[in-house]
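Heads up: numbering here begins at 1 and tracks the sequence.
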Amino acid sequence: MEQRHRVTDVELMTALAHPLRGELLRHLLAHGPRTASECAEAVGSTASNCSWHLRQLAKFGLVEPVDGADGRQRPWRATIVGLELGELAQDDTMRTAQLAVLGAALRQDQQLTQRFLDHADELPPAWREAGALDNYALKVTPEELTALAARIDALLRPYVTTVRDDAPAEARTVHAAFRAFLWLNR
């Protein structure tokens, strides 16, 4: 199974720290090829702005244009299955860029969660009941947490939209986020 793209270049990390670029990449990863206009509608921007940022992502090899169905449209697709930022870097510049990327992803996670809650009553009961918003306080060692995160990744990986090719026709894209870190009191 394909692995996520490991980001080790500070220039790429800085490019990904732009909130719209990260959101565009995550949108293409979640939903497959889309035109700049379709992306703009999904992320709340303009087609020309999305097109420019998609071209910036293409410079790093993260997205590429593909042939459209009618020859006039120009969809873009992600060329990776996901990103891996690695552990927080010792280098201040890289760490600052990593934190910016993670902050933008967290904001989008919060937006998607709030959107789900705002529209839960409009969803079919099966989808409303299938969702999970769980929190746990775990007592683990760093080694156990590392192993747990790897097991969760292995469990979820076969369902990732960019690698799953056997999804039933009724399958839909679902947002799943996992965060686990040391509980810090104020």
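Residue-environment remark: CD (Glu41) stays at or below the threshold of 12 foreign heavy atoms within 6.0 Å. Counting non-hydrogen atoms of neighbouring residues, nucleotides and ligands closer than 6.0 angstrom, the CG atom of Asp118 exceeds 12 such neighbours.
Of the possible donor and acceptor atoms, one in the side chain of Thr96 sits under 3.5 Å from a partner among the backbone N and O of Asp92. Of the possible donor and acceptor atoms, one in the side chain of Glu38 sits under 3.5 Å from a partner among the backbone N and O of Thr35. The closest donor-acceptor contact from the side chain of Thr79 to the backbone of Gly61 lies under 3.5 Å. Although no hydrogens or angles enter the test, the distance criterion places a donor-acceptor pair under 3.5 Å between the side chain of Arg107 and the main chain of Gly103. The backbone N or O of Ala89 sits less than 3.5 Å from a side-chain atom of Gln98, completing a donor-acceptor pair. Side-chain atoms of Glu64 do not come within 3.5 Å of backbone N or O of Trp76 as any donor-acceptor pair. Panel note: side chain Thr161, backbone His31; no donor-acceptor pair is recorded below 3.5 Å. Of the possible donor and acceptor atoms, none in the side chain of Ser37 sits under 3.5 Å from a partner among the backbone N and O of Ala47. Of the possible polar contacts, none joining the Gln114 side chain to the Gln111 backbone as a donor-acceptor pair under 3.5 Å is found.
Under 3.5 Å, the side chains of Arg95 and Gln90 contain no donor-acceptor pair of N or O atoms. Between the side chains of Glu122 and His119, at least one donor N or O sits under 3.5 Å from an acceptor N or O.
In this structure, CG on Leu57 lies 10.0 Å from CH2 on Trp52, to the nearest 0.5 angstrom.
Inter-residue side-chain proximity for Cys39 and Arg34 is flagged as met; some heavy-atom pair is nearer than 4.5 Å. Leu28 has its side chain within reach of Leu54: a pair of non-hydrogen atoms, C-beta onward, lies under 4.5 Å apart. Between Leu24 and Val63 the shortest side-chain heavy-atom distance does not fall below 4.5 Å. In this structure, Cys50 and Val43 have side chains that are in contact, with non-hydrogen atoms separated by less than 4.5 Å.
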**Prompt:** What do the steps show when you test Glu87 against Arg6 for salt bridge (charged side-chain N to carboxylate O under 4.0 Å, His left out), and what is the final call?
**Reply:** CA-CA 11 Å; Glu87 59 283 337; Arg6 178 80 185 240; 3.6 Å; yes
**Item:** Intermediate values then yes/no, side-chain hydrogen bond (donor to acceptor under 3.5 Å, both in side chains), Gln108 and Arg26
**Value:** CA-CA 9 Å; Gln108 186 183 22; Arg26 285 187 292 276; 2.2 Å; yes
**Message:** For Arg179 and Asp109: C-alpha separation, side-chain torsions, deciding distance, then whether salt bridge (charged side-chain N to carboxylate O under 4.0 Å, His left out) applies.
**Reply:** CA-CA 11 Å; Arg179 292 184 296 271; Asp109 180 53; 2.4 Å; yes
**Request:** Decide salt bridge (charged side-chain N to carboxylate O under 4.0 Å, His left out) for Asp153 and Arg4; before the verdict, give the C-alpha distance in whole Å, the side-chain angles of both, and the deciding distance to 0.1 Å.
**Result:** CA-CA 11 Å; Asp153 182 69; Arg4 292 175 289 204; 3.6 Å; yes
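When the options Thr8, Leu16, Val10 are evaluated for a side-chain contact (heavy atoms from CB on, under 4.5 Å) with Leu12, the one that passes is Leu16. For the side-chain contact (heavy atoms from CB on, under 4.5 Å) with Val7, the lone residue among Leu62, Leu85, Ile80 that qualifies is Leu85.
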